[in-house]
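Beneath this line is the structure, given in structure tokens, with notes to follow.
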Number of protein chains: 2
Amino acid sequence: MPDQHSTLRARRRAQTQRTIQAHAIRLFSERGYDATTMNDVAEAAGVSPMTVYRHFPTKEDLVLVDQYGELIAERIVASSTGQPLVRRIGGALIDAAAVLSGDDVTADREFVLVRLQLMISTPALRARHLDNQYALQQAIIGALGDDATDPDAAFQAQAAASACLAALHTALVRWAADDGRTDLPRLIGKALAAVFGDDIVGPAPTPGSPGD
Amino acid sequence: MPDQHSTLRARRRAQTQRTIQAHAIRLFSERGYDATTMNDVAEAAGVSPMTVYRHFPTKEDLVLVDQYGELIAERIVASSTGQPLVRRIGGALIDAAAVLSGDDVTADREFVLVRLQLMISTPALRARHLDNQYALQQAIIGALGDDATDPDAAFQAQAAASACLAALHTALVRWAADDGRTDLPRLIGKALAAVFGDDIVGPAPTPGSPGD
DNA sequence: ACCGATCTGGTAGTCACTATCAAGGTGATA
DNA sequence: TATCACCTTGATAGTGACTACCAGATCGGT
């Protein structure tokens, strides 16, 4: 089973998937998440309820699509093992956010923002999102590689990763509250600095920005 | 409406509440959370399904009872405002855990442990628990008091609180994995030290414990 | 043109959860 | 002690998310 058929069937599948999700996000933003039923989404997208469930197993999945998990994991694997854990993880988070903030995907940025705001304001979505972050934490631990042998080092890695993701979440909430006006990578850097101290995150990524 | 009637009616209410929860936790542990229906819980507890919903609005509430939130908030309010944020929050978390680890409630400890293990292993419960921790974070921010005016200080407070709770969660997971054999307050201290450095948590709370 | 695989739709069912209404015991008052 | 208000419980019906199970329709390559 090849991964990217790029055949007509696969393209139509991706298309309906995007259509369903777009209508869902729109309805959720307009009427509210709980006030919108799966049937509403199906009807708006012009498909049957079954098709919605085929593409998105749960209602929450209509909003939560974790597309940055493996990107972050890749960055961590690529980072030099000599650095402290917090710098490796934090750097990967900032880099991944920089990819999102890249000027080529300004159309997506609005979409990500709306979804994030939905996620933060809806309890069910917020809970699932936090659990996804917890899963991401485990992926990060796996990407760090070696430390699995010593239980004490593993514990420290878990603590470091969870704290980094907590900082990320804080930055995301602030970013959403500012309607995405702030620069997300810098916001993540500030959150990391607020947690771990300015010295451990500051000196490396940005060469010259002493003011702020 | 007085808070503690201590009348027969209130006592019976608390009793049935305990009974329902005890049977629920037992069934969840035996058959699994998803494989146990609310009707099963009601039948095991000898009440009608309606009564279960009266006492526990959602199925998740049968496991998740946040009884340490206000305890932590109290400690934070009582802490001296001169200390750094991380020390105030971390100290409150350790103190609250010390209350739990007190030798007078060894019977409860097993109950807390089983619930925690259920919480960690069941996705739905884990998600709700993480969201409860997020709510606790907001309560902590409120308990810190003043910093609401300056948005930058508020952001730093959010970051610090989220990181502290992340460390707490890491400690709780480890504690549950060890079946509660480890000393929880010390475990929280180690997690906080792993995140913020040994100097910021170590010197203050325990006068003499240099080994470990 | 054929056949296998995939995508889609419909039906019926389970389960969490929410009204709404009726009946019982409990608590305080006359 | 008798009465009344209230609280707790129970039963019924309904909504909505989600999951089988089955039947067409369409696309893929041979």
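Proteins get letters first, then strands, A, B, ... in listed order; numbering begins at 1 in each.
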### Query
For the side chain of R12(A), counting heavy atoms from C-beta on, which of dC27(D), dT8(C), dA16(C) is nearest?
dC27(D)
### Query
If you check the H55(B) side chain, which of dT9(D), dT8(C), dT19(D) turns out closest?
dT9(D)
### Message
Counting the atoms with a prime plus P, OP1 and OP2 as sugar-phosphate, which does M50(B) contact under 4.0 Å by heavy atoms, base, sugar-phosphate, or nothing?
### Response
base
### Summary
Against the side chain of T16(B), the closest entry in dC17(C), dT9(D), dC7(C) is dT9(D)
### Query
For D34(A) and dG16(D), what is the distance between atoms CG and P respectively, to the nearest whole Å?
12 Å
### The single option from I94(A), D95(A), L93(A), I89(A) passing side-chain contact (heavy atoms from CB on, under 4.5 Å) against R75(A)
D95(A)
## Note on the structure
To the nearest angstrom, the OH-C1' distance between Y53(B) and dA13(D) comes to 15 Å
### Task
Mind checking P49(A) for me? I need base, sugar-phosphate or nothing, with any heavy atom below 4.0 Å counting as a touch.
nothing
### Query
Which heavy-atom pair separates G90(B) from L192(B) by the least distance, and what is that distance?
CA-CD1, 3.6 Å
## Note on the structure
To the nearest angstrom, the CG-C1' distance between L125(B) and dA16(C) comes to 14 Å
### Message
Once hydrogens and angles are ignored, does a donor-acceptor distance under 3.5 Å link the base of dG10(D) to the side chain of R54(B)?
### Response
yes
### Summary
note: K59(A), atom NZ; dT19(D), atom P; distance rounded to Å ~ 14 Å
## Note on the structure
Looking only at heavy atoms, the pair that brings Q117(A) and D179(A) closest together is NE2-OD1, 2.6 Å
### Query
What nucleotide, of dG10(C), dT8(D), dC17(C), holds the atom closest to the side chain of S48(A)?
dG10(C)
